[in-house]
Amino acid sequence: QVQLIESGGGLVQAGGSLRLSCAASGRSFSSYEMGWFRQAPGKEREFVACITWNGGTTNYAGSVKGRFTITRDNAKNTLYLQMNSLKPEDTAVYYCNADVRRCWSSSSRTAGDYWGQGTQVTVST
């Protein structure tokens, strides 16, 4: 069992940056593969990025690769998403997810059972 609390969303102009944080409670954070997902109005929730238990492997959606960076600090039980060069199409609610399965596989990865409350990111032109 893990509980997730997100922060860091906000309003930013195109080309700007935001850093999202996800603070986890529980005793097994370091054992979970973690991920970020997002959902825009009228659209399905989509994968953004994931990271393995020790941070050794990261994967990104093609739409954010090269602009976003996912990291984790197991000592602080915290997951991060650094978002640079933001575009209006990045506007969405961003969700932290714990216990991602097969983070390393673009064809077979799935979301875990634990979600944060979501944090709104709005990118203006």
Side-chain angles (χ1 to χ4, degrees):
Q1 179 70 34
V2 62
Q3 294 178 324
L4 309 171
I5 301 175
E6 302 168 359
S7 61
L11 175 64
V12 65
Q13 289 187 312
S17 297
L18 287 172
R19 186 186 189 228
L20 307 183
S21 298
C22 172
S25 64
R27 304 175 70 177
S28 301
F29 174 78
S30 63
S31 70
Y32 289 128
E33 294 189 350
M34 302 289 295
W36 290 96
F37 295 74
R38 68 186 183 185
Q39 187 168 20
K43 296 184 178 180
E44 298 294 319
R45 190 171 297 186
E46 66 176 354
F47 167 77
V48 175
C50 62
I51 187 167
T52 52
W53 68 271
N54 65 349
T57 300
T58 58
N59 285 282
Y60 300 90
S63 59
V64 307
K65 190 174 184 179
R67 300 187 297 118
F68 291 9
T69 303
I70 186 171
T71 57
R72 67 191 298 164
D73 187 338
N74 288 345
K76 297 181 178 179
N77 283 5
T78 303
L79 178 74
Y80 303 97
L81 185 68
Q82 179 66 47
M83 308 164 66
N84 298 328
S85 301
L86 283 161
K87 304 175 180 179
E89 51 262 46
D90 295 319
T91 295
V93 177
Y94 284 71
Y95 296 91
C96 177
N97 179 256
D99 203 21
V100 172
R101 308 298 177 90
R102 298 178 296 279
C103 165
W104 47 268
S105 175
S106 62
S107 62
S108 63
R109 78 167 70 87
T110 59
D113 293 335
Y114 309 103
W115 296 93
Q117 80 283 0
T119 185
Q120 177 71 49
V121 172
T122 302
V123 184
S124 63
T125 58

Side-chain donor-acceptor distances from residues 118-125 under 3.5 Å, at least two apart:
from: Thr119; atom 1: OG1; to: Gly9; atom 2: N; distance (Å): 3.1
from: Gln120; atom 1: NE2; to: Ala92; atom 2: O; distance (Å): 3.4
from: Gln120; atom 1: NE2; to: Thr122; atom 2: OG1; distance (Å): 3.3

Original post:
Between Gly112 and Asn97, what is the shortest heavy-atom contact and its length?
Top reply: N-OD1, 2.7 Å
**OP:** Indicate the atoms forming the closest heavy-atom contact of Lys76 with Thr78, along with that distance.
**Re:** O-OG1, 2.8 Å
Subject >> Glu33 and Arg109, any side-chain heavy atoms less than 4.5 Å apart >> reply: no
Anything under 3.5 Å between a donor and an acceptor, one on a side chain of residues 11-20, the other on a protein residue two or more places apart or in another chain? List them.
from: Ser17; atom 1: OG; to: Asn84; atom 2: OD1; distance (Å): 2.9

**OP:** Any pair with a residue in residues 41-81 that passes ring-ring contact (aromatic ring centres under 6.0 Å, His included), sequence neighbours left out, goes on the list, sorted by first then second residue, please.
**Re:** Phe37-Phe47
Original post:
In Å and rounded to the nearest 0.5 Å, what is the OG to CZ distance from Ser85 to Arg67?
Top reply: 7.0 Å
**OP:** Ignoring hydrogens and angles, tell me if any N or O in the side chain of Asp99 forms a donor-acceptor pair with the backbone of Met34 under 3.5 Å.
**Re:** no
Original post:
Would Ile51 end up clustered with Tyr95 when hydrophobic side chains under 4.5 Å apart are linked, directly or stepwise?
Top reply: no
**OP:** Please tell me if the side chains of Cys96 and Trp36 come closer than 4.5 Å, counting only heavy atoms from C-beta onward.
**Re:** yes
Subject >> Distance in Å, Ile5 CD1 paired with Asn77 CG, rounded so as to fall on 0.5 Å steps >> reply: 12.0 Å
Original post:
Quick one: does Asn59's side chain have a donor or acceptor within less than 3.5 Å of a partner on Cys50's backbone?
Top reply: no
**OP:** Grab the two heavy atoms, one from Phe29 and one from Asp73, that are nearest each other, plus how far apart they are.
**Re:** CE2-O, 4.0 Å
**OP:** Indicate the atoms forming the closest heavy-atom contact of Leu79 with Gly35, along with that distance.
**Re:** CD2-O, 3.8 Å
Original post:
Is the backbone N or O of Thr52 less than 3.5 Å from a side-chain atom of Arg72, with the two atoms forming a donor-acceptor pair by type?
Top reply: yes
Original post:
Arg38 versus Asp90: any side-chain heavy-atom pair under 4.5 Å?
Top reply: yes
**OP:** Can you establish whether the number of heavy atoms outside Glu46 located under 6.0 Å from its atom CD is more than 12?
**Re:** yes
**OP:** State plainly whether one hydrophobic cluster holds both Val93 and Ile70, where clusters connect Ile, Leu, Val, Met, Phe, Trp and Tyr through side-chain heavy atoms under 4.5 angstrom apart.
**Re:** no
Subject >> pair Arg102-Thr110: side-chain heavy atoms closer than 4.5 Å >> reply: yes
Original post:
Do Val100 and Tyr114 share a hydrophobic cluster (ILVMFWY, side-chain heavy atoms under 4.5 Å, transitive)?
Top reply: no
